[in-house]
Amino acid sequence: MSRRRSSSTPSTRSTGCSPRILLARHGRTEWSVKGNHTGRTDIPLLDSGREGAKLLGERLHRGPWADLPGLEIRTSPLVRASETCAIAGFGERAEPWDALMEWDYGAYEGMTPAEIKAIRPDWFIWRDGVPEGETLAQVSARADEVVEWARSADRDVLVFGHGHILRVLGSRWLGEDASFAARIRLDPTSLSVLGWAYGAPALERWNDTGHLER
């Protein structure tokens, strides 16, 4: 059975391997460690999150990532993402962008999956969504905005964001429905690259945390 693809899939490119999106998820916070849904609550990084951001920055400033020509950088304005961006060494170059903010979890903000399932045993966020917050379609529309921006010129882009919005962004880059994000896990302070293969959108790198193993 073929996977369902959205009719509003952002346009693809037929040439080259650029532009690409480099995705950086923010470092660890108290809530990310505990598993609380952290949407718009502005929680700072833990010391371990700041250390992870430093290691991520060191990686992005060397090897194939260093001095990418014309690199544009944007970050979620929420402090856990913007602080990760700044510690990684990109704060002065980054433009805050609301499109990169995390899913607004509404009534489920701050709750763990176990707490939610205590009242809704069959709940699955990628199917059921959240009450009083954003719909998955709204999150998908924000991701599409990022994809269209990234593909608007021949240069790579680097974005600092959050787990669920970046997973949706990866899904939409591939032309998949936003619910495909359920299948692509993304850890704190990970590095991913959305690129191209044979002229079609592809995952060039996903959930790479090798820089944290030091």
**Report entry** Val193 vs Leu23, side chain to side chain contact (heavy atoms under 4.5 Å, CB included): CA-CA, chis, key distance, verdict
**Finding:** CA-CA 6 Å; Val193 182; Leu23 307 179; over 6 Å; no
Requested in this report: Could you check if a side-chain atom of Glu204 sits within less than 4.5 angstrom of a side-chain atom of Arg20, using non-hydrogen atoms only?
Outcome: yes
Report task. Would you check if Leu100 and Arg74 make a side-chain contact, meaning some heavy-atom pair closer than 4.5 Å? Result -> yes
Query - Residues Asp208 and Arg59 bridged, charged N to O under 4.0 Å - result: yes
Report summary line: Here the pair of heavy atoms bringing Arg167 nearest to Ala182 is NH2-O, 3.4 Å
Query - Taking every non-hydrogen atom, the tightest pair across Pro188 and Leu212 - result: O-CD1, 3.9 Å
Requested in this report: Group every Ile, Leu, Val, Met, Phe, Trp and Tyr by side-chain heavy-atom contacts under 4.5 Å, then state whether Ile21 and Phe90 land in the same group.
Outcome: no
Query - Which residues share a ring-ring contact (aromatic ring centres under 6.0 Å, His included) with His162, sequence neighbours left out - result: His26
Query raised in the report: Donor-acceptor pair, Ser76 side chain versus Ala81 backbone, under 3.5 Å?
Result: no
Query raised in the report: Mind checking what makes side chain to side chain donor-acceptor pair (under 3.5 Å) contact with Glu72, not counting sequence neighbours?
Result: Arg155
Requested in this report: Determine whether Leu55 and Thr189 make a side-chain contact, defined as any pair of heavy atoms from C-beta on separated by less than 4.5 Å.
Outcome: no
**Report entry** Considering all heavy atoms, the nearest Trp65-Leu68 contact
**Finding:** O-CG, 3.5 Å
Report summary line: For Trp149, the ring-ring contact (aromatic ring centres under 6.0 Å, His included) test, sequence neighbours excluded, returns Trp97
Report task. For the pair Glu115 (side chain) and Thr112 (backbone), establish whether a donor and an acceptor sit closer than 3.5 Å, ignoring hydrogens and angles. Result -> yes
Query raised in the report: Which pairs count as side chain to side chain donor-acceptor pair (under 3.5 Å) when at least one residue sits in residues 39-56, sequence neighbours excluded?
Result: Arg40-Glu134, Thr41-Glu109, Asp47-Arg50
Requested in this report: Would you check if the side chain of Trp196 reaches a backbone N or O of Pro19 as a donor-acceptor pair within less than 3.5 Å?
Outcome: yes
Report summary line: Rounded to the nearest 0.5 angstrom, the CG-CZ distance for Leu46 and Arg28 is 9.0 Å
Report task. State, to 0.1 Å, how close Ala24 and Leu158 come at their nearest heavy-atom pair, and which atoms those are. Result -> CB-CD1, 4.5 Å
Query - Rounded distance (nearest 0.5 Å) linking atom CG of Leu60 with atom CG of Leu22 - result: 6.5 Å
Requested in this report: Answer whether the closest heavy-atom distance between the side chains of Arg151 and Trp173 falls below 4.5 Å.
Outcome: yes
Requested in this report: Please answer: with hydrophobic residues joined when any side-chain heavy atoms are less than 4.5 Å apart, are Val130 and Val168 in the same cluster?
Outcome: yes
Query raised in the report: Residues in side chain to side chain donor-acceptor pair (under 3.5 Å) with Arg93, at least two apart?
Result: none
**Report entry** Candidate pair Thr38 and Asn36, rule side chain to side chain donor-acceptor pair (under 3.5 Å), full reasoning
**Finding:** CA-CA 6 Å; Thr38 319; Asn36 303 73; over 6 Å; no
Query raised in the report: Just by modelled atom types, is the Asn207 backbone N or O under 3.5 Å from a matching donor or acceptor in the Ser192 side chain?
Result: yes
Report summary line: In short, Ile43 meets Val79 closest at the heavy-atom pair O-CG1, 3.5 Å
**Report entry** Non-hydrogen side-chain atoms of Val147 and Leu169 separated by less than 4.5 Å
**Finding:** yes
Requested in this report: Without swapping roles, check the side chain of Thr84 against the backbone of Gly27 for a donor-acceptor pair under 3.5 Å.
Outcome: yes
Report summary line: Here the gap from Asp104 atom CG to Thr135 atom OG1, rounded to the nearest 0.5 Å, amounts to 10.5 Å
Report task. Show your working on side chain to side chain contact (heavy atoms under 4.5 Å, CB included) between Leu45 and Ile87 and close with a plain yes or no. Result -> CA-CA 11 Å; Leu45 299 177; Ile87 294 172; 4.2 Å; yes
Query raised in the report: Would Phe160 and Val157 show up in the same hydrophobic cluster when neighbours are defined by side-chain heavy atoms closer than 4.5 Å?
Result: no
Query raised in the report: Is the shortest distance from a Lys or Arg side-chain nitrogen in Glu176 or Arg172 to a carboxylate oxygen in the other one below 4.0 Å?
Result: no
**Report entry** Close side-chain approach of Asp98 and Pro77, heavy atoms under 4.5 Å
**Finding:** yes
Query raised in the report: About how many Å separate CG of Leu78 and OG1 of Thr29, when rounded to the nearest 0.5 Å?
Result: 11.0 Å
Report task. Run the salt-bridge test on Asp122 and Arg120 with the 4.0 Å N-O cut-off and return the result as yes or no. Result -> no
Query raised in the report: Does the side chain of Trp206 come within less than 4.5 Å of Leu194's, by heavy atoms?
Result: yes
Query raised in the report: Any chance the rings of Trp103 and Trp126 have centres within less than 6.0 Å?
Result: yes
Report task. Identify the heavy atoms of Tyr105 and His164 that sit nearest to each other, and give their distance. Result -> OH-ND1, 2.7 Å
Report summary line: Across all chains, not counting sequence neighbours, the ring-ring contact (aromatic ring centres under 6.0 Å, His included) partners of Trp123 are His37, Tyr108
Query raised in the report: Taking C-beta and beyond as the side chain, do Ser179 and Leu136 meet within less than 4.5 Å on heavy atoms?
Result: yes
